[in-house]
Amino acid sequence: MSSAADDPSDDDVEEAAAPDEAADADEAADAEEPADVEEPAEPEEPADSAEPAEPEETANPIPAPEDRGETLFVEQGGSWWVVAIGPVLAGAVLAMDIAGPGRVHWLWISVLGAIITLFSIVQVYAARRHVGVELTETTLQQGTLLMALADIEKIYPANNGAEHEKWESAPALGELAGVPRRRKGVGVKLVDGKLAQAWARDVERFRQELTEAHLAVQLGVSPRGPSS
């Protein structure tokens with residue numbers, strides 16, 4: 001018969017069983033807790049779209065009107081006195097009609113004068129806008145084109161020989177395809193390497209003024225100021 005000392009006591013059994021029960025309770029608690037639900041991943045922000053590149057500033061910006069200096073050469077392209085042709089012609093026809101026998105045709109003569117006057121206004125306005133020339137100490141305007149003289153690299157002399165020069169086939173400055181009628185071209189080479197033709201009616205004086213103004217710009221001579 002075994003002694004009482006050899007038998008494990010009830011307290012020891014309870015102590016041994018306690019850790020197992022605690023482990024079972026922890027497992028049950030873990031089972032009851034809902035599994036962590038993975039939160040939906042936040043949508044990735046789209047990469048910053050490339051900002052539109054700002055247009056590069058021209059190397060030689062056009063000076064402000066107050067900084068363009070003295071006006072050296074001007075050709076308006078058209079004179080407003082042409083508009084007077086319509087009224088003068090209508091008046092002459094009306095005078096002959098009054099002096100002659102029969103009825104005076106006031107309506108038809110007035111319509112004729114108005115049509116000629118309107119046509120003259122449109123023609124003069126177009127000529128002054130598209131064929132006008134203005135040269136200042138720092139800028140050159142050819143029709144609707146206004147450019148800085150610093151954008152011109154070289155001005156070619158007049159071609160007095162029989163051989164054809166390349167610049168004589170170059171496009172004209174401005175919006176027109178070629179040199180306007182009753183104007184002559186002056187060969188220029190732009191800073192981007194392109195050949196072109198500046199143009200004017202009085203081409204000899206224009207070439208001289210353009211050459212001197214361009215040389216002054218290259219030498220860094222300050223404009224004298226707007227002419228009074």
Side-chain angles (χ1 to χ4, degrees), residues 54-83 119-228:
E54 298 181 355
E56 296 182 358
E57 297 182 355
T58 56
N60 302 304
I62 299 173
E66 60 272 13
D67 299 330
R68 293 175 188 173
E70 182 180 352
T71 300
L72 306 175
F73 182 88
V74 175
E75 284 183 354
Q76 298 293 351
S79 179
W80 287 112
W81 70 263
V82 177
V83 179
F119 179 77
S120 301
I121 291 175
V122 173
Q123 186 178 23
V124 172
Y125 176 79
R128 292 173 72 92
R129 176 174 175 81
H130 298 286
V131 197
V133 180
E134 182 177 4
L135 172 67
T136 69
E137 294 181 277
T138 57
T139 61
L140 171 62
Q141 182 172 357
Q142 301 265 259
T144 58
L145 172 68
L146 178 63
M147 61 182 297
L149 290 181
D151 290 333
I152 298 177
E153 180 180 338
K154 180 180 179 181
I155 300 175
Y156 294 94
N159 181 17
N160 297 321
E163 186 177 353
H164 183 78
E165 298 286 348
K166 289 184 179 180
W167 62 262
E168 294 180 286
S169 301
L173 292 175
E175 72 279 10
L176 300 178
V179 176
R181 291 186 305 167
R182 297 187 294 274
R183 275 80 177 170
K184 295 183 179 180
V186 176
V188 297
K189 180 180 180 181
L190 306 179
V191 293
D192 59 4
K194 296 181 180 179
L195 295 178
Q197 291 188 73
W199 42 266
R201 189 189 299 269
D202 187 358
V203 69
E204 296 302 329
R205 178 170 171 260
F206 174 64
R207 178 185 285 106
Q208 179 182 355
E209 296 286 358
L210 179 62
T211 302
E212 293 177 358
H214 179 253
L215 179 60
V217 169
Q218 287 186 321
L219 296 176
V221 179
S222 301
R224 292 187 293 268
S227 57
S228 55

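Counting begins at 1 with the first residue of the sequence.
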Please examine the side chains of [Y] and [X], heavy atoms only from C-beta on, and report whether any two atoms are closer than 4.5 Å.
X: L173; Y: L140; answer: yes
X: T139; Y: I62; answer: yes
X: V188; Y: K154; answer: no

task: Taking salt bridge (Lys or Arg N to Asp or Glu O under 4.0 Å) as the test, write out the residues that go with E209, two or more places apart.
output: none

message: Just verifying a value: how many Å separate I155 CD1 and Q208 CD, rounded to the nearest 0.5 Å?
response: 12.0 Å

field: CG-CG distance between L72 and L210, expressed to the nearest 0.5 angstrom
entry: 9.5 Å

Of all heavy-atom pairs between [X] and [Y], which one has the smallest distance, and what is that distance?
X: A148; Y: P61; answer: CB-O, 4.0 Å
X: P223; Y: G69; answer: CB-CA, 3.7 Å
X: Q142; Y: Q197; answer: OE1-O, 4.4 Å
X: Y156; Y: R207; answer: O-NE, 3.9 Å
X: V217; Y: E137; answer: CG2-O, 3.4 Å

All side chain to side chain contact (heavy atoms under 4.5 Å, CB included) counterparts of [X], not counting sequence neighbours:
X: Y125; answer: W80, R129
X: V82; answer: I85, S120, V124
X: D192; answer: L190, K194
X: E134; answer: T71, V74, T136, Q141

Going by side chain to side chain donor-acceptor pair (under 3.5 Å), name the residues that satisfy it together with [X], two or more places apart in sequence or in a different chain.
X: N159; result: E168
X: H130; result: E175
X: T211; result: none
X: R128; result: Q76

Which atom pairs, one a donor and one an acceptor, fall under 3.5 Å between side chains of residues 177-185 and the rest of the protein, sequence neighbours left out?
from	atom 1	to	atom 2	distance (Å)
R183	NH1	R181	O	3.1

- request: Provide the full list of ring-ring contact (aromatic ring centres under 6.0 Å, His included) pairs with a residue in residues 200-219, sequence neighbours left out, each pair given once.
  value: F73-F206

